[in-house]
Amino acid sequence: MSEEKKSLNFLEQIIEEDLANGLDKNKLRFRFPPEPNGYLHIGHAASICLNFGLGLTYNAPVNLRFDDTNPVKEEQEYVDAIKNDIQWLGFQWENELYSSDYFGQLYQWAILLIKKGKAYVDDQSSEEIAKQKGTPTEPGTNSPNRNRPVEENLALFEKMKNGEFEEGSHILRAKIDMASPNMLMRDPIMYRVLRKSHHRTGDTWNIYPMYDWAHGESDYIEQISHSICTLEFKPHRQLYDWFLDQIYSGKDLRPKQREFARRNLSYTVMSKRKLLQLVEEGHVNGWDDPRMPTISGLRRRGYTPESIRKFSEVSGISKRDNVTDVALLEFCIKDHLNKTAPRVMAVLNPVKVIITNYPEGKEEWLDAENNPEDENAGSRKVPFSKEIYIEQEDFREEANKKFFRLKLGKEVRLKNAYIIKAESCKKDAEGNITEIHCTYDEKSKSGSGTEESKRRVKGTLHWVSIAHAVHAEVRLYDRLFTDEAPDAHKDKDFKEFINPNSLVINTNAFVEPSLQDARIGDKFQFQRLGYFTIDNDSTAERLVFNRTVPLRDSWAKIEHKK
RNA sequence: UGGCCUGUAAUGUAAUGGUGAGCAUACAAGAUUUUGACUCUUGUUGUAUAGGUUCAAAUCCUGUCAGGCCAUCCA
């Protein structure tokens with residue numbers, strides 16, 4: 001009965017308009033065009049969800065097209081990682097394509113442009129060409145080679161292709177308008193000489209097309225109806241259309257480029273160049289470091305595809321610059337994991353508790369609910385015994401009444417187990433608490449149905465039985481940068497804001513024995529602490545957990561108010 | 001000083017000339033709680049600015065201000 005029509009974003013509105021104006025719905029076709037020069041990040045996820053999402057809502061094909069026109073930066077490793085990330089996000093492309101598939105066609109069209117007098121070979125130095133380009137406020141001047149005869153252009157271009165010229169010595173330029181207020185229209189470069197081996201075409205080519213020349217024509221070849229890109233390409237649209245004008249048949253579909261604002265996230269950077277820098281300079285341990293905003297980093301951190309898709313959905317799209325609060329992303333993963341992640345107990349900073357009136361050598365396997373948010377999640381058994389670990393910060397010798405946890409002379413509930421009372425504690429020479437002596441109420445066992453078990457005590461603690469505990473390493477992550485928008489400062493380098501405490505490794509954590517058999521990628525809620533996943537580095541001998549995100553901590557807020 | 005684009009709560013977005021500008025997150029207060037989680041209830045904060053058109057403007061027009069993009073043989 002929901003009458004609510006969900007509002008269309010501006011790109012969907014454009015598509016609806018085109019449809020209303022007679023565009024055949026079956027002609028809709030989209031593409032996601034990554035350059036294989038780095039890993040995909042959460043900003044790309046927005047574009048992926050947008051393009052593949054349009055494909056889904058309009059039942060239209062979406063191509064994956066690698067924009068591989070620059071062999072200097074591009075590698076097969078990135079191609080593989082990108083494909084993996086898109087599939088992991090849950091999307092399937094229609095065709096896997098490459099701009100390099102079209103090098104031959106592009107070359108033929110370039111010759112056509114030369115013949116039409118719309119392109120010429122320039123053999124000036126890059127410095128000279130830059131000088132003639134003018135500035136945004138001053139027009140450029142024509143190249144002395146601008147009116148080179150067609151035959152000569154053809155011959156030179158042929159030689160460029162055949163590898164008879166050095167890199168940087170010759171380029172093919174479109175002949176447009178050196179006085180255009182749009183710098184991109186001032187006789188832009190179509191081809192440069194590059195004697196580099198390409199990850200797909202090998203040494204076949206000595207010339208490579210520039211983005212502007214390759215992209216729109218590739219869209220045309222693939223009959224992409226809507227070529228969606230980010231805002232910084234807005235000025236390129238005029239050139240995109242100009243290049244299309246030169247070759248458009250007038251009969252088939254003519255692609256249109258439209259632009260939306262890239263998604264930025266607070267406390268991180270979203271440029272591949274900067275992310276590469278973080279990797280190469282060792283500020284992080286690779287593209288998939290769990291602190292990275294890459295898809296692979298988020299995956300390793302414990303994010304789910306569902307959470308990332310949800311984030312893209314609730315973030316929406318628009319044309320204004322934005323810095324989305326990372327809290328929204330964190331909300332999305334907590335929301336998903338709350339519904340799906342099994343609850344377990346783990347103690348990160350252990351302190352020993354001895355239950356003095358619990359029989360020596362006794363052990364009990366107690367029932368524990370796997371997920372109160374999921375009726376079908378079932379339950380498991382957790383071992384209980386005389387000596388257990390609890391969290392250091394869950395005990396104080398004395399504290400005010402706002403402290404709901406264990407303190408001398410007071411009671412607290414052990415989750416899924418008994419109510420205990422702290423009687424005394426032991427300290428080492430520095431005054432650190434080394435042992436807490438408690439007594440337990442034998443009749444208070446969770447779920448036993450006794451009067452005592454129904455007693456209400458304010459605090460509930462997580463714990464693990466020392467005899468049964470599994471030693472684990474836990475990696476705690478914090479934001480990579482201390483500034484909301486680290487690369488938005490004109491006077492400062494983004495690296496000045498790197499958070500020195502973004503990774504804290506805890507090698508002395510203990511988890512309940514049910515975790516012994518967990519596999520890489522499994523996700524859990526460590527009760528009262530947060531959501532954790534098993535890292536790739538984990539082995540049977542050494543469990544390694546990543547903290548995906550902590551739980552909301554109201555107590556920390558109360559504490560900090562003081 | 002050129003061209004293009006963008007300004008709606010703290011953040012991200014919706015309202016497409018027509019009810020008190022909606023939603024989510026964040027924040028705050030309360031309820032509940034064998035997770036100080038989750039959930040539930042309530043609440044705070046907004047159309048950059050000045051004019052104009054109109055019965056009616058966040059929406060259309062003009063000026064101003066602010067921000068972004070554009071001078072790689074990158075994409």
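Not measured: the values here are computed from a predicted model. In what follows, every chain begins at residue 1, and chains take the letters A, B, ... in the order their sequences are listed.
For the pair A/Arg456 and B/rU33, the criterion of a side-chain N or O lying under 4.0 Å from OP1 or OP2 is met. Between A/Thr69 and B/rA75 there is a side-chain N or O to OP1 or OP2 distance below 4.0 Å. Taking side-chain N and O atoms only, A/Arg263 has no distance below 4.0 Å to OP1 or OP2 of B/rU11. Here A/Arg405 does not reach the OP1 or OP2 of B/rG36: none of its side-chain N or O atoms lies under 4.0 Å away. The side chain of A/Arg552 places an N or O atom within less than 4.0 Å of a non-bridging phosphate oxygen (OP1 or OP2) of B/rC27. Look at A/Lys319 and you won't find any side-chain N or O under 4.0 angstrom from OP1 or OP2 of B/rG67. OP1 or OP2 of B/rC27 sits under 4.0 Å from a side-chain N or O of A/Lys557. Considering only side-chain N and O atoms, A/Asn322 lies under 4.0 angstrom from the phosphate OP1 or OP2 of B/rU13. Within the 4.0 Å cut-off from OP1 or OP2 of B/rA75, not a single side-chain nitrogen or oxygen of A/Arg262 is found.
A/Pro372 comes within 4.0 angstrom of a base, heavy atoms only. Contact annotation for A/Asn70: backbone-only contact, meaning every heavy-atom pair under 4.0 Å involves sugar-phosphate atoms and none involves a base. Among the heavy atoms of the strands lying under 4.0 Å from A/Ser318 are primed sugar atoms or P, OP1, OP2 only; no base atom is included. Within 4.0 Å of A/Ser554, counting heavy atoms only, lie sugar-phosphate atoms of the nucleic acid but no base atom. Within 4.0 Å (heavy atoms only), A/Ser315 reaches sugar-phosphate atoms of the nucleic acid but no base atom. A/Phe403 comes within 4.0 angstrom of a nucleotide base, judged by non-hydrogen atoms across all strands. Backbone-only engagement by A/Glu35 is indicated by non-hydrogen atom pairs under 4.0 Å involving sugar-phosphate atoms exclusively. Heavy atoms of A/Lys272 sit nowhere under 4.0 angstrom from any nucleic acid atom. A/Lys334 comes within 4.0 angstrom of nothing in the nucleic acid, heavy atoms only.
On a pure distance criterion of 3.5 Å, no polar donor-acceptor pair joins the side chain of A/His462 and the base of B/rA37. Counting distance only, with no hydrogens placed and no angle test, the side-chain atoms of A/Ser446 and the base atoms of B/rU34 include a donor-acceptor pair under 3.5 Å. In this model, no side-chain donor or acceptor of A/Glu373 finds a partner on the base of B/rU39 within 3.5 Å. Not a single donor-acceptor pair, N or O on each side, falls under 3.5 Å between the base of B/rU6 and the side chain of A/Arg320.
Judged by a 6.0 Å distance limit and a 45° cone about the ring axis, A/Lys458 is positioned over the six-membered ring of A/Phe404.
By the 5.5 Å and 30° criteria, A/Phe404 is stacked with the base of B/rG36. By the 5.5 Å and 30° criteria, A/Trp555 is stacked with the base of B/rG36.
A/Ser379 and A/Asn370 form no side-chain donor-acceptor contact under 3.5 Å, judged by distance and modelled atom types alone. A donor-acceptor contact under 3.5 angstrom links the side chains of A/Gln257 and A/Glu259, judged on distance only. Side-chain polar atoms of A/Asn63 and A/Glu222 form a donor-acceptor pair below 3.5 angstrom. At a cut-off of 3.5 Å, with distance as the only test, a side-chain donor of A/Arg31 or A/Ser227 sits close to an acceptor on the other residue.
For the pair A/Ile129 and A/Ala417, nearest-nucleotide mapping onto RNA chain B gives the more 5' position to A/Ala417.
We find that CZ of A/Phe233 is positioned 19 Å from P of B/rG68, with the value rounded to whole Å. Straight-line distance from the CZ atom of A/Arg258 to the P atom of B/rU6: 12 Å, rounded to whole Å.
The shortest distance between side-chain heavy atoms of A/Ser318 and A/Phe260 does not fall below 4.5 Å.
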